[in-house]
Amino acid sequence: MTDKEEVTAAGDNPEMILTGKKSGKALLLDSGEDFDMLDDDEIDDDPPPLEDAGGGKKTKKEPAEDQDASPSSLVDEWMDILGNGQLRKKVLRAGNGPDSRPTKGQNVVIHLKTSLADGTLIEEQPELSFTLGDGDVIQALDLTVQLMEMGEKALVQADAKYAYGALGSLAPEVLPSADLALEVQLLDATEAPDLELLSPQERVALAGQKRERGNVYYQRGDYAFAVNSYGFALQITESSSKVDISPEEEEELMDIKVKCLNNMAAAQLKLDHYEAALRSCVSVLAHQPDNIKALFRKGKVLALQGEYADAIRNLKMALKLEPSNKFFLTSTRWCHIL
């Protein structure tokens with residue numbers, strides 16, 4: 001049980017798992033369920049699930065200085081995207097018209113300058129590409145780029161909530177709770193590739209990217225976003241293919257699928273979505289009946305639902321596969337007591 005890409009099972013308090021007790025502010029499912037830590041250069045942050053972008057409200061503000069700013073009145077207008085003043089967008093250079101705006105699911109390329117609110121430049125990315133609406137980037141970008149026209153350059157003022165949140169980020173280096181100023185230019189937007197036509201290695205790479213993004217969300221406590229990213233990864237692994245695929249490549253895709261389902265179950269447990277977590281565990285076990293983490297989590301869900309006999313059976317199966325695991329033994333004893 002050393003796969004760092006999946007949630008570790010050991011470390012949970014069996015009394016809390018099996019009795020539903022809470023201790024202080026710690027939730028029932030918060031004791032030791034986390035991922036093993038990723039490398040520092042993989043740590044990133046994104047805010048809570050997307051809010052409705054709506055049409056946004058426009059408010060008059062003093063125009064920021066920019067050499068490319070259009071003299072039109074459009075430059076003087078700020079769009080309050082969410083209506084709460086925490087995410088605002090101003091056009092610095094007009095684009096090719098509303099019909100050129102990208103849509104969710106398209107692959108977009110932007111030129112991005114990320115700065116602190118005081119103007120300190122953090123990072124410049126001449127060609128940042130991502131799938132719009134998939135949660136591949138911070139929420140401020142996912143929400144504002146879909147409102148931009150092709151070729152448009154815009155200034156975005158983002159509250160920390162829609163940037164890197166209360167935890168900040170190591171790459172790029174952003175302090176906790178830092179508001180950001182983003183200068184964004186939309187360079188390109190294309191339809192996402194047909195999954196059926198991707199080569200097996202392209203599917204493996206794309207699914208791996210979505211899974212890793214889910215891991216980042218999980219570590220930061222954004223469990224709903226984590227489930228979302230794992231879901232996208234599963235769609236890629238489960239897609240039919242019009243391209244020849246070898247048994248080895250099928251096994252590689254299956255490995256990613258199982259990891260996503262296991263991690264999705266952990267995130268669903270954090271959200272108290274027990275039935276969904278149970279389905280995820282069952283799916284894992286359908287492919288790998290001896291998957292220890294899935295057996296453990298299935299037992300955990302069943303115990304939380306009061307199905308102690310079934311919980312004991314699954315925990316005993318996990319203990320049989322890993323008899324040295326004292327935690328599985330303790331959990332099984334607690335079920336017997338209850």
Side-chain angles (χ1 to χ4, degrees), residues 2-9 11 27 29-30 32-51 104 107-108 110 112 114 122-123 125 128-145 158-178 180 182 203-237 255-271 273 276-277 280 293 297:
T2 59
D3 187 352
K4 74 180 292 184
E5 301 301 313
E6 296 185 64
V7 178
T8 55
L27 294 177
L29 300 171
D30 284 344
E33 184 69 31
D34 293 343
F35 284 82
D36 293 327
M37 291 302 295
L38 298 178
D39 295 333
D40 286 346
D41 61 359
E42 294 181 278
I43 295 177
D44 200 353
D45 174 47
D46 285 287
L50 291 172
E51 299 185 31
K104 287 184 178 181
N107 291 337
V108 298
I110 64 172
L112 175 65
T114 302
I122 297 173
E123 181 181 42
Q125 297 167 278
L128 173 63
S129 61
F130 59 94
T131 303
L132 191 59
D134 275 15
D136 295 343
V137 292
I138 60 173
Q139 191 175 358
L141 290 174
D142 244 343
L143 286 171
T144 55
V145 171
D159 184 87
K161 176 181 179 181
Y162 303 101
Y164 292 99
L167 296 180
S169 170
L170 293 179
E173 188 174 348
V174 178
L175 293 175
S177 302
L180 296 182
L182 310 171
R203 287 173 63 194
V204 166
L206 185 58
Q209 290 171 10
K210 302 296 184 184
R211 176 177 57 81
E212 289 168 4
R213 190 63 178 171
N215 290 354
V216 171
Y217 281 127
Y218 186 97
Q219 284 186 259
R220 304 196 66 85
D222 290 329
Y223 304 119
F225 257 5
V227 169
N228 193 52
S229 292
Y230 295 139
F232 284 124
L234 287 173
Q235 290 177 20
I236 297 166
T237 63
D255 181 63
I256 293 177
K257 178 178 179 178
V258 167
K259 288 178 179 177
C260 284
L261 286 167
N262 253 334
N263 291 353
M264 180 179 280
Q268 289 162 335
L269 275 167
K270 292 288 189 180
L271 295 167
H273 295 170
S280 296
K293 293 178 183 178
R297 292 199 185 93

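Atom set for the values below is all heavy atoms of this structure, side chains included, hydrogens, waters and symmetry mates excluded. Positions are given from 1, in the same order as the sequence printed here.
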Task: A233 to A207 - nearest heavy-atom pair and separation - done: CB-O, 3.5 Å
Task: Test item: R211 side-chain N/O and I256 main-chain N/O as donor-acceptor pair under 3.5 Å - done: no
- [ ] List the atom of V227, the atom of A267, and the distance in Å for their closest heavy-atom pair.
- [x] CG2-CB, 3.7 Å
- [ ] Flag the pair C260 / L234 as yes when at least one side-chain heavy-atom distance between them is below 4.5 Å, and no otherwise.
- [x] yes
- [ ] Any chance you could lay out the side-chain contact (heavy atoms from CB on, under 4.5 Å) test for L132 and L141, step after step, and finish with the verdict?
- [x] CA-CA 9 Å; L132 191 59; L141 290 174; over 6 Å; no
TODO: Go through the side-chain N and O atoms of N228 and Y217 and say whether any donor and acceptor fall under 3.5 Å apart.
DONE: no
Task: Within 6.0 Å of CD in E173, more than 12 heavy atoms from elsewhere - done: no
- [ ] Taking all heavy atoms of G133 and all of K104, pick out the closest pair and write down the distance.
- [x] CA-CG, 4.4 Å
- [ ] Give the minimum heavy-atom separation between Q268 and A276, together with the two atoms involved.
- [x] OE1-O, 3.1 Å
Task: Nearest heavy-atom neighbours spanning A166 and P176 - done: O-CB, 3.0 Å
Task: Interatomic spacing from CD1 in I138 to CG in L112 - rounded to 0.5 Å - done: 7.5 Å
Task: Side-chain heavy-atom pair V204, I236 within 4.5 angstrom cut-off - done: no
TODO: Starting at OG of S229, measure out to CG of N263 and round the result to the nearest 0.5 Å.
DONE: 11.5 Å
- [ ] Apply side-chain contact (heavy atoms from CB on, under 4.5 Å) to R220 and F225, showing your working.
- [x] CA-CA 10 Å; R220 304 196 66 85; F225 257 5; over 6 Å; no
Open item on the list: Quick check: do V108 and F130 have side-chain heavy atoms less than 4.5 Å from each other?
Closed with: yes
Open item on the list: To the nearest 0.5 Å, what is the distance between CE on M264 and CZ on R297?
Closed with: 12.5 Å
- [ ] Would you mind checking if D136 and K210 are paired as a salt bridge, meaning a charged N to carboxylate O distance below 4.0 Å?
- [x] yes
TODO: Give, for atom CD of E212 and atom NZ of K259, the distance between the pair rounded to the nearest 0.5 Å.
DONE: 9.5 Å
Open item on the list: Are the side chains of Y230 and N215 in contact, using a 4.5 Å heavy-atom criterion?
Closed with: yes
Task: Over all atoms of both residues, closest heavy-atom pair of A226 and G214 - done: CB-O, 3.5 Å
- [ ] Find the distance between CG (D159) and CD (Q139) and round it off to the nearest 0.5 Å.
- [x] 11.0 Å
TODO: Check whether any side-chain N or O of T131 sits under 3.5 Å from a backbone N or O of D134 as a donor-acceptor pair, and report yes or no.
DONE: no
